[in-house]
Amino acid sequence: MERILVSACLMGRRVRYDGAAKTSDDALLAAWRKEGRLIPFCPEVSGGLPVPRPAAEIEGGAGGAAVLDGAARVLTAAGADVTGAFLAGAHAALEAARASGVRLAILKEASPSCGSLVVHDGAFGGGRVPGDGVTTALLLRHGIAVFGEDRIAEAGLRLRELERAAAPGGRRDPV
């Protein structure tokens, strides 16, 4: 059975910067939870950040790849550099995914760790720009498909492809 890495906040865990959860009521996610497929994970907490914590954004909305490459930092509104915690959390997420053979993740959109289509622009005014978070960028670099919580149906299609390819007599295409 394919396992799926999922943002812990989507599973109801109160791990977000403001101490809240962003629980998803998606029926497919609930079915996967019942099947035991899901591996809840919060890279920010795993990277050593407390709950609650100051909000953080990638400077200039540069995206997670820029952070991985050392070209951008993750900062709080007060200017504290929390890049190290975000990098540590991203690497912990990758290790958790590898340990369970994960090839698919569903992560919280717009997060500086988990965003897969958009992140905040770094100005702390609510603006968003296209891009991905630090954890998403690292997972993608290692061949793990990442979907936001608004693309769970699309993730379901990818899951079926992965399982069909792994079935006896199925195609063995690379991920």
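In this chain, residues are counted from 1 in sequence order. Treat the numbers as computed from the prediction; the structure is a model and nothing was measured.
In terms of modelled atom types and a separation under 3.5 Å, the side chain of Thr23 and the main chain of Leu10 share no donor-acceptor contact. Here the side chain of Ser7 pairs a donor or acceptor atom with the backbone of Lys108 at under 3.5 angstrom. Arg103 contributes no side-chain N or O that, together with a main-chain N or O of Arg3, makes up a donor-acceptor pair within less than 3.5 Å. Remark: the backbone N or O of Ala92 is not paired with any side-chain donor or acceptor of Ser46 at under 3.5 angstrom. Remark: the backbone N or O of Ala72 is not paired with any side-chain donor or acceptor of Glu59 at under 3.5 angstrom.
Contact annotation: the side chain of Val74 never approaches that of Glu57 to less than 4.5 Å [non-hydrogen atoms, C-beta and beyond]. Residues Leu138 and Ile144 fail the side-chain proximity criterion, which asks for heavy atoms closer than 4.5 Å. Two residues are said to be in side-chain contact when any heavy atoms from C-beta on lie closer than 4.5 Å; Phe86 and Thr135 fail this criterion. Leu107 places none of its side-chain heavy atoms less than 4.5 Å from the side chain of Val6. Taking 4.5 Å as the limit, every side-chain heavy atom of Leu49 sits out of range of all side-chain heavy atoms of Val45. Between Ile4 and Val102 there is no side-chain heavy-atom pair separated by less than 4.5 Å.
Note that the CD atom of Glu163 and the CG atom of Leu104 stand 9.5 Å from one another [nearest 0.5 Å]. Note that NE2 of His120 and CZ of Arg128 are 4.5 Å apart. Values are rounded to the nearest 0.5 Å. Separating the CD atom in Glu2 from the CH2 atom in Trp32 is a distance of 11.0 Å, to the nearest 0.5 Å. Atoms CD1 and CD1, from Ile39 and Ile106 in turn, are 12.0 Å apart once rounded to the nearest 0.5 Å.
Nearest heavy-atom pair across Ala56 and Val82 is CB-CG2, 3.9 Å. Shown here for Thr76 and Pro54, the closest heavy-atom pair between the two residues is CG2-CB, 3.9 Å. Between Cys114 and Thr136, the closest heavy-atom pair is O-OG1, 2.9 Å. Closest non-hydrogen pair, Val129 versus Gly61, comes out as CG2-O, 3.5 Å. The shortest non-hydrogen separation linking Ile58 to Ala62 is CG2-N, 3.9 Å. Nearest heavy atom pair, residue Ile152 against residue Ser24, reads CD1-OG, 4.1 Å.
At a threshold of 4.0 Å, the pair Glu161-Arg158 counts as salt-bridged, since one of the basic side-chain nitrogens sits closer than that to a carboxylate oxygen. Looking at Arg98 and Glu95, a side-chain N of the basic residue comes within less than 4.0 Å of a carboxylate O on the acidic one, giving a salt bridge. Ionic pairing of Arg53 and Glu44 is present here: one or more N-O contacts between side-chain nitrogen and carboxylate oxygen are shorter than 4.0 angstrom.
Residues Leu28 and Leu159 share a hydrophobic cluster, clusters being chains of Ile/Leu/Val/Met/Phe/Trp/Tyr side chains in contact below 4.5 Å. Leu94 is connected to Phe41 through a chain of hydrophobic side-chain contacts under 4.5 Å among Ile, Leu, Val, Met, Phe, Trp and Tyr, so both are in one cluster. Linking Ile, Leu, Val, Met, Phe, Trp and Tyr whenever their side-chain heavy atoms come within less than 4.5 Å leaves Leu5 and Val15 in two separate clusters.
Listed by chain and residue number, Ser116, Leu117, Val118, Glu149, Asp150 satisfy the side chain to side chain contact (heavy atoms under 4.5 Å, CB included) test with Glu109 (two or more places apart in sequence, or in another chain). Partners of Arg141 under the salt bridge (charged side-chain N to carboxylate O under 4.0 Å, His left out) rule, at least two apart in sequence or in another chain, are Asp69.
Atom CZ of Arg37 has more than 12 heavy atoms from other residues, nucleotides or ligands within 6.0 Å. Within a 6.0 Å radius of CZ in Arg151, other residues, nucleotides and ligands contribute more than 12 heavy atoms.
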Given Thr83 and Val134, is the side-chain contact (heavy atoms from CB on, under 4.5 Å) satisfied, shown in steps?
-> CA-CA 9 Å; Thr83 305; Val134 179; over 6 Å; no
Would you check, one step at a time, whether the test side-chain contact (heavy atoms from CB on, under 4.5 Å) holds for Met11 with Leu38?
-> CA-CA 9 Å; Met11 302 309 302; Leu38 303 181; 3.6 Å; yes
